[in-house]
Amino acid sequence: MGISLLSSYCGAQIFEIYGLGKEIVDLAFCGSVSKIGGLTFDELARETLSFWVKAFSEDTAKRLENFGFIQSRPGGEYHANNPEMSKLLHKAVRQKSESAYSIYQQHLANRPVNVLRDLLEFKSDRAPIPVGKVEPALSIVKRFCTGGMSLGAISRETHEAIAIAMNRIGGKSNSGEGGEEAIGVSKEKDPIRWSPLIDVVDGYSPTLPHLKGLQNGDTATSAIKQVASGRFGVTPTFLANADQLEIKIAQGAKPGEGGQLPGKKVSAYIARLRNSKPGVPLISPPPHHDIYSIEDLAQLIFDLHQVNPKAKVSVKLVAEAGIGTVASGVAKGNADIIQISGHDGGTGASPISSIKHAGGPWELGVTETHQTLIENGLRERVILRVDGGLRSGVDVLMAAAMGADEYGFGSLAMIATGCVMARICHTNNCPVGVASQREELRARFPGVPGDLVNFFLYVAEEVRGMLAQLGYEKLDDIIGRTDLLKPRDISLVKTQHLDLNYILSSVGLPKWSSTAIRNQEVHSNGPVLDDILLADPEVSDAIENEKEVHKTIQICNVDRAVCGRIAGVIAKKYGDTGFAGQLNITFTGSAGQSFACFLVPGMNIRLIGESNDYVGKGMAGGELVVTPVENTGFCPEDATIVGNTCLYGATGGQIFVRGKAGERFAVRNSLAQAVVEGTGDHCCEYMTGGCVVILGKVGRNVAAGMTGGLAYILDEDDTLIPKVNKEIVKIQRVTAPVGQMQLKSLIEAHVEKTGSTKGSSILKEWDKYLPLFWQLVPPSEEDTPEACAEYQSTAAEQVSLQSA
């Protein structure tokens, strides 16, 4: 929500109410959203009195009662994911036993009411039909997805087993926001997770030796690859090899917080995939650094369609009041899929404080989104997907009746592959290696892909049986059919006054079938400048045969994400580092947003003019030079020439800017080198690697959350220190020879590439200017001068090798 002060919450009415009746809301929370009604004052008084009696009656035990809010306890609060449920599911999928799955179904059917859909049941307007007339299970399972559980939150074994299972059934697994093993591969080496297995013997493969139960033809790639605010693991190759790309705006189980990976779980392997350092906690704040409006979101959708025009783009939203309006904007922004994430669930990384009393039920979110999209004539443009606590075919059918086309399973997918619900995921101590990065615990991982395949086939058969009872042949036929739902006859005090009419109402059905919506083509960016360049025989020959080419072309500010499609083509063919050719392209004019995004090595891009926001977003290599037009009448080092959020999520390459940049320069930079002549606020924010040189003034809040890399900032008027966020970084003069050499060489390269007068002046009077530079250094394990010098040397060597 972007709120960081307690005073901002007071009276803000940003919360939605679940379970309080009209008389309470009108008196105590007038104007707040409460769609389903609930308790009266009399009922609330009785409940409050019951708490008092437990505490103060004479026969009360003098010990606090443990209600089991965190872990399931006999006689405590009911947990849908409880030990009995997980044991029943394990038995069903491991023994491939229909009778055991029936017992699991019965367990769910007899559970206490604990989510909104438990208050509903199906009614039909048709006579039952034989189950043989219903569409096959293999068709239904293609609508199933798994939740965005990152490689880091869960172990490599779990992540890969889930991906293999989903690929077997034609469903889709979700990478989460941590990347995959194939990051950084070159053309000489096949991606470990992206190639079909051809060497399986007795269920084992030397390619994935840590997994069992494999088959020839299995692939461990995640069909859905996620892009979140941290941009962890996001490179051009990662994006170019996705079937779908998901933009995670927020998480249903903890909206307003974003992703969290405790430092204990950031092993050397996980840190390498995420371009970070081992042991450092990784946080994805809730707003993307390039999304502060619906227009910004539309731009990121455009960027992803640019780098991979064959991948559908999904936007993950949180179930809350007003989601329908947001979803309408997302649909107009050219998204292909909208995912509604409910409160139920979580991740294998979140602390307890993040997943209690947060988020809303997907039943309300899906209903509002589906109906609002229909009212605005947008429902046929997007696939509607839901996730959050789905556990059975009943849940799937409920979600379908409320309007969802596809269905995501998170916690249940982990349970089916071996999770025992120990609820200590965030501690890195998972006893069965499902949610741990410790090698000795990962060795205990019990799951095989076939177990998850069995679970989804059982769910699909359960859906088939229910469709047959309702008299319908296809899942398509009941999507959006809230008229097939009715309230259950349940006598519970706390549910007597709940009003379910909001869920049961309808504004009509989509004009197209769900299958037609799911099968439509990827929304196109339309004609783009990259297509003209790729159609040039010299350019296409240079890419195909790794040759060198020089081109000059005009650009204007309607040309967005220029170079992104070219980068995607190269990355798809050669990986992030394998291209040996040279594309030397000079653009003249005023570039639109996301200029030179996702560059790869071998792309040398020069812009003579100026550019908007997001220059160099996600670049993984290459060279980017931005210089002003000659004889403009202004002093380049005093003028802003590139916009906000440049170099966001960069994992390599070099950028030289003759002029100033806007705010958030080099945010989440992982390994790129940059020289710029001034910046706005928040530069080097969340940086984890690379090197940034700033030859002029900066705004406030420099280096907030910077855990890696180095920054050199010229401070001619002694105003820098109050602007630096010293919570993490150290600030010191450039005394180490390796630091002085690195700084000077980058300024020399800047002068050579841009003709910078400011850079030339500094080099001519080096002895005068060197003492005016500050160096920002993230903390080392031992906070000593020797440790800092060693860190500087390692960082300098790292960027030098990357540049070479």
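One is the number of the first residue; the rest follow in order along the sequence.
Shown here are the salt bridge (charged side-chain N to carboxylate O under 4.0 Å, His left out) partners of K310, two or more places apart in sequence or in another chain: there are none. Residues satisfying the salt bridge (charged side-chain N to carboxylate O under 4.0 Å, His left out) test with R518, not counting sequence neighbours, are E406. Under the ring pair (Phe, Tyr, Trp, His ring centres under 6.0 Å) criterion, F595 pairs with F587, sequence neighbours left out. Evaluation of the side chain to side chain donor-acceptor pair (under 3.5 Å) rule for S32 yields Q13 as partners, not counting sequence neighbours. By the side-chain contact (heavy atoms from CB on, under 4.5 Å) test, Q554 pairs with T588, sequence neighbours left out. Taking D638 as the reference, nothing meets the salt bridge (charged side-chain N to carboxylate O under 4.0 Å, His left out) condition, with sequence neighbours excluded. For D531, the side-chain contact (heavy atoms from CB on, under 4.5 Å) partners are V528, R565, not counting sequence neighbours. Judged as a salt bridge (charged side-chain N to carboxylate O under 4.0 Å, His left out), and not counting sequence neighbours, the contacts of D303 are K617.
The neighbour count for K332 NZ, taken as heavy atoms of other residues, nucleotides or ligands under 6.0 Å away, does not exceed 12.
With R560 as the fixed residue, the side chain to side chain donor-acceptor pair (under 3.5 Å) test singles out one of Q306, Q593, Q299: Q299.
Residue pairs meeting the ring pair (Phe, Tyr, Trp, His ring centres under 6.0 Å) criterion with at least one member in residues 678-711, sequence neighbours excluded: H289-Y686. Sorted by first and then second residue, the pairs that involve residues 694-703 and meet salt bridge (Lys or Arg N to Asp or Glu O under 4.0 Å), not counting sequence neighbours, are D681-R700, K697-D717. Sorted by first and then second residue, the pairs that involve residues 656-668 and meet salt bridge (Lys or Arg N to Asp or Glu O under 4.0 Å), not counting sequence neighbours, are R664-E685. Contacts classified as salt bridge (Lys or Arg N to Asp or Glu O under 4.0 Å) and involving residues 225-245 (residues at least two apart or in different chains) are given here: E180-K225, R231-D290.
Side-chain atoms of D296 and Y614 include a donor-acceptor pair closer than 3.5 Å.
Remark: R274 does not engage E177 in a salt bridge, criterion side-chain N to carboxylate O under 4.0 Å.
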